Amino acid sequence: MRYPAGSEMPPSVQEVQRKVIRLEWITIAYLLTAITAIYFTLGSSQAMKGAWLEDMLSLAPPIAFLISARVRYRAPDRRHPYGYHRAVEVAFLAAALALLIMGSYLIVDSALDLLKGDHPPIGMVELFDWQVWLGWLMLAALIWSAVPAFILGQMKKKLAAELHDKVLYADAQMNKADWLTASAAMAGVIGIGFGLWWADAVAAIVIGIDIAHDGVKYSRGAVADIIDGEPRRHDVEGTHPLVAEVKRAVAEFEWVQEAAVRMRELGHIFSVEVLVVPVDGEDLIDRVEDTVAAIREIDWKLQDVVVSPVREIDGAPDAVLVGGRPMTAGA
Amino acid sequence: VRKVLLLGLICVTLDGCQYPRDPEGTLDRVSGGVMHVGISESDPWVRTGASKPGGVEVELLERFARTIDARIEWVEGSESDLIEALEGRKLDVVAAGLDRRSEWQRVAALTRPYLTTKVVIAAPDEATADALSSDLGGRRIAVEANSPEASKLSQDTDAIPREVDDPAEVGGPVVVDDFMLDELGLVATDAELDEHEHCLAVSLGENAFLVKLERFLLDREHEASQILEQEWRP
């Protein structure tokens with residue numbers, strides 16, 4: 001039997017993966033331009049500050065994706081016998097916590113400004129020989145922070161479904177947060193222009209809530225992965241369909257009297273452990289190896305598969321048990 | 001959002017409606033009315049001693065008031081008192097020789113600089129200026145006693161400060177503002193001690209008023225330096 005290797009993808013998935021890597025590089029280049037544009041028009045607007053923070057944090061998912069795209073291929077070695085699959089989860093948790101902290105900071109900071117009754121000043125700027133109200137430049141920068149982010153987010157969402165990739169999905173969600181944030185900030189700046197001094201702080205609070213909400217959601221997702229929660233769909237909504245598929249496949253083997261199937265995520269791939277109570281003790285080695293091969297056939301994500309025959313299974317939760325053929329005499 | 005943007009663009013191009021607007025309506029109140037201006041002594045930018053205030057900023061504000069048909073009421077006070085009154089919207093503008101990089105920007109809206117001046121080390125002739133440009137070490141340089149320039153000179157350079165009452169009246173290398181060079185017949189060295197971005201302060205968030213004043217100032221950088229030449233005399 002082959003020792004579980006690094007992540008290997010079928011050619012069709014590899015093609016998508018290459019496309020995504022290109023898309024992520026484009027995203028990083030684009031975000032850098034958006035961050036620069038907003039930095040130079042920041043002024044003293046809270047909402048602009050929020051949009052700026054959000055854009056900077058959006059760099060985390062694509063960077064995490066690109067790093068993990070390299071690290072995940074590394075073969076297991078002495079120090080990391082399970083390979084490097086879970087490197088990506090560390091990045092995912094860090095990004096999620098950053099979102100949570102930044103969102104909370106923005107809410108508190110803007111609420112204080114609102115309570116103090118701070119009126120944000122937006123004056124004139126001179127670009128070469130052209131004089132313009134800074135508010136217009138802010139709006140231009142925000143449009144640049146919104147429209148491409150929207151398009152990139154839509155593209156990634158589709159690809160994330162094809163790849164079943166959680167980091168990519170989080171990245172797509174991040175792009176969605178980007179353009180929502182930029183829109184809220186636009187409303188704030190336009191509001192200031194109409195003499196509504198509170199519009200900016202209110203927009204910033206709305207943005208802060210959205211960012212913090214994402215942060216909570218992804219932190220929970222990341223923590224669930226780290227404490228070996230069951231594999232979930234790429235959009236973190238419900239159990240991954242492969243869990244049911246593996247259980248069904250195991251239950252169908254003739255030699256399986258009863259089995260406990262445990263699955264967890266190792267970054268992009270799943271680890272599968274099956275404890276089997278065999279119907280009898282014949283050809284155990286062949287049966288185990290055939291079963292491992294059959295499970296690995298199901299999907300490319302199922303690369304780390306261990307099947308072990310046992311006499312009996314005690315105290316396993318019902319949900320992981322499959323099979324349960326009536327006990328035959330002498331088994 | 002797009003509709004609002006379009007409306008905004010139309011407004012700006014036609015100049016028909018005010019955008020941005022003031023939350024507290026300063027521009028509307030001041031136009032054709034009274035503009036309360038706080039002033040604090042800072043020669044040559046603001047002079048308060050005489051019966052009528054003078055200085056570069058006072059002159060600029062008088063010209064600005066004419067463009068919006070406002071009458072100015074001058075209020076004298078210390079810089080911090082004036083800023084506090086501005087924050088409470090009891091004043092519309094504060095002129096006190098402020099620098100755009102001052103700490104006040106947290107409590108007041110500082111305008112774009114109407115003029116940027118430099119504090120330089122100057123010499124009476126080219127040869128001395130060249131020598132000073134390459135090395136200040138151990139050179140005696142005259143500087144106004146007990147001034148911020150004197151502290152900068154001793155902290156940032158290895159020259160020996162020679163503190164005098166009026167640097168304009170002594171011969172030899174001296175620390176002066178760049179606008180004094182021609183009048184005093186001095187040559188600037190490459191050594192710049194400081195840069196000042198001169199600005200005025202208005203209440204936070206009164207963006208229509210701020211934009212009106214900034215437009216006025218941005219159009220008149222040349223005028224500002226002309227006024228400075230008249231106002232400053234050795």
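First the proteins, then the strands, lettered A, B, ... as listed; each starts at 1. Model, not experiment: these values are computed from the prediction.
Ranked by heavy-atom pairs under 4.5 Å with chain A, the list B:Leu213, B:Thr111, B:Leu218 is led by B:Leu218. Across B:Leu110, B:Val211, B:Leu210, B:Asp22, the residue that shares the most heavy-atom pairs under 4.5 angstrom with chain A is B:Val211. Among A:Trp133, A:Trp198, A:Trp197, the residue making the largest number of heavy-atom pairs under 4.5 Å with chain B is A:Trp133.
Contact of the A:Pro121 side chain with the B:Asn207 side chain is registered, since non-hydrogen atoms from C-beta on lie closer than 4.5 Å. Considering only heavy atoms from C-beta on, B:Asp219 comes within 4.5 Å of A:Gln131 through its side chain. B:Arg89 has its side chain within reach of A:His119: a pair of non-hydrogen atoms, C-beta onward, lies under 4.5 Å apart.
In terms of modelled atom types and a separation under 3.5 Å, the side chain of B:Arg112 and the main chain of A:Glu126 share no donor-acceptor contact.
Atom CD1 in A:Ile192 sits 8.5 Å away from atom OH in B:Tyr19 (nearest 0.5 Å). For the atom pair CZ of B:Arg21 and CG of A:Leu196, the computed distance is 8.5 Å after rounding to the nearest 0.5 Å. In this structure, OG in A:Ser44 is found 11.5 Å from CZ in B:Arg106, a value given to the nearest 0.5 Å. Considering CG of B:Leu204 and CD1 of A:Ile122, their distance stands at 12.0 Å, rounded to 0.5 Å.
Heavy atoms of B:Glu24 lying under 4.5 Å from chain A belong exclusively to its side chain. Of the two parts of A:Leu134, neither the backbone nor the side chain holds a non-hydrogen atom closer than 4.5 Å to a non-hydrogen atom of chain B. The part of A:Val189 that comes within reach of chain B is its backbone (N, CA, C, O), which places non-hydrogen atoms under 4.5 angstrom from that chain.
Counting heavy-atom neighbours within 6.0 Å of B:Met180 CE, excluding the residue itself, gives a total above 12. By the 6.0 Å contact criterion, CD on B:Glu84 is open, its count of non-hydrogen atoms from other residues, nucleotides or ligands being 12 or less. Surrounding CZ of A:Arg220 are at most 12 heavy atoms belonging to other residues, nucleotides or ligands under 6.0 Å away. In this structure, B:Phe179 places its CZ atom where more than 12 heavy-atom neighbours from other residues, nucleotides or ligands lie under 6.0 Å away.
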